[in-house]
Enquirer: 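Okay, here's the structure, questions in a sec.
Starting from 1, each residue takes its place in the sequence as its number. Because the structure is predicted, anything quoted here is derived from the model rather than measured.
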Amino acid sequence: MKKKLFFVLILLAAFSASIFAQEEDYDIDPEFSYTPGFEIVNNRLGFYGEFSPVIGSFQELVTGNYGGGITAEAELFKYFGAGVKIGGNYNPLKTEKLSSVWNLETALSLHVRIPLFAEGIYFQPEFDYGVFIYFPTIAPGYSGKLNPCYVDQMLQIGTALRIGSPKFLGGKVELDLCPLYTFSPEQGEMNSFIGGRAGIYIKM
């Protein structure tokens, strides 16, 4: 008898909740209205520029990491997504052996996408893991031998603010503003960069 009564109460609660939901006028962001579960949605293609001066002891050799690239990302679950990026950077140096270093950057990214107070605005913390492929340029007058290229791991942490508007191009474009912290154990020595990224993302 108790089990039957409990079952009836559950049905009544569900029926009441459905009626209440129909009567209320919710303003739900359609991007987050799908049923939770694995589903690739909200694909975005982005173009970005990065400006990251070096910090710490590595300032004696490197002035910063400056460049840009292209990235693609999507939500895999509600509020959670992943992406991939590839870019190129320039590293001005302060050494007699090298005049500069160019590097190719490729990484996988994980992010959490949190809607904020207004439609089209999101807070998006992210974590990137990938590699830098360095191509050093030998300084004029230096006669020694150096590796033409080398590879190092890269970790990057960002806290992006994404700004879009349904009234601008149908909400298909987002502005990306993101403080960045990057560190890489370059040939056994840890170098760190702190700076920022700015870009534009287009919803596909």
Enquirer: CG/Asn103 to SG/Cys149 distance, rounded to the nearest 0.5 angstrom?
Expert: 12.0 Å
Enquirer: Between Ala198 and Leu177, what is the shortest heavy-atom contact and its length?
Expert: CB-CD2, 4.2 Å
Enquirer: If you measure from CZ on Arg113 to CD on Gln124, what distance do you get to the nearest 0.5 Å?
Expert: 5.5 Å
Enquirer: Nearest 0.5 Å, please: how far is NZ in Lys85 from CD1 in Ile70?
Expert: 13.0 Å
Enquirer: Yes or no on ring pair (Phe, Tyr, Trp, His ring centres under 6.0 Å) for Tyr90 and Tyr66, after CA distance, side-chain angles and deciding distance?
Expert: CA-CA 5 Å; Tyr90 174 67; Tyr66 315 111; 7.5 Å; no
Enquirer: Does the side chain of Glu50 come within less than 4.5 Å of Asn65's, by heavy atoms?
Expert: yes
Enquirer: When clusters are formed by joining ILVMFWY residues with side-chain heavy atoms under 4.5 Å apart, either directly or through shared neighbours, do Met154 and Tyr150 land in the same one?
Expert: yes
Enquirer: I'd like to know whether the aromatic ring centres of Phe183 and Tyr181 sit less than 6.0 Å apart in this structure.
Expert: yes
Enquirer: Closest approach of Leu175 and Gly199, non-hydrogen atoms and distance?
Expert: CD1-O, 3.5 Å
Enquirer: Considering all heavy atoms of both residues, which atom of Arg197 and which atom of Ala160 are nearest to each other, and what is their separation?
Expert: NH2-CB, 3.9 Å
Enquirer: Check whether more than 12 heavy atoms from other residues, nucleotides or ligands sit under 6.0 Å from atom CD1 of Ile200, and answer yes or no.
Expert: no
Enquirer: Looking at Gly64 and Asn91, what are the two nearest heavy atoms and their distance?
Expert: O-ND2, 3.0 Å
Enquirer: Would you give the length of the straight line joining atom CG of Leu180 to atom OG of Ser52, rounded to the nearest 0.5 angstrom?
Expert: 5.5 Å
Enquirer: Give a yes or no answer on whether the side chain of Thr71 reaches the backbone of Val84 with a donor-acceptor pair at less than 3.5 Å.
Expert: yes
Enquirer: Looking only at the side chains, is there a donor atom on one of Gln156 and Tyr129 sitting less than 3.5 Å from an acceptor on the other?
Expert: no
Enquirer: Looking at Ile133, Val131, Asn89, which one forms a side-chain contact (heavy atoms from CB on, under 4.5 Å) with Leu104?
Expert: Ile133
Enquirer: Quick one, Met204 and Arg44 - any side-chain contact, counting heavy atoms below 4.5 Å?
Expert: no
Enquirer: Testing the basics here: between Tyr122 and Pro115, what is the closest heavy-atom pair and its distance to 0.1 Å?
Expert: CD2-CA, 3.5 Å
Enquirer: Does one hydrophobic cluster hold both Ile194 and Leu155, with members joined at side-chain heavy-atom distances below 4.5 Å?
Expert: yes
Enquirer: With rounding to the nearest 0.5 Å, note down the distance linking CG in Asn43 to OH in Tyr201.
Expert: 13.0 Å
Enquirer: Same cluster for Ile55 and Ile157 if Ile/Leu/Val/Met/Phe/Trp/Tyr side chains link at under 4.5 Å?
Expert: yes
Enquirer: To the nearest 0.5 Å, tell me how far Leu108 CG sits from Glu73 CD.
Expert: 13.0 Å
Enquirer: Measuring only between side-chain heavy atoms, which start at C-beta, is Phe132 closer than 4.5 Å to Thr182?
Expert: yes
Enquirer: Looking at Ser184 and Gln153, would you say the former's side chain and the latter's main chain have a donor-acceptor pair under 3.5 Å?
Expert: yes
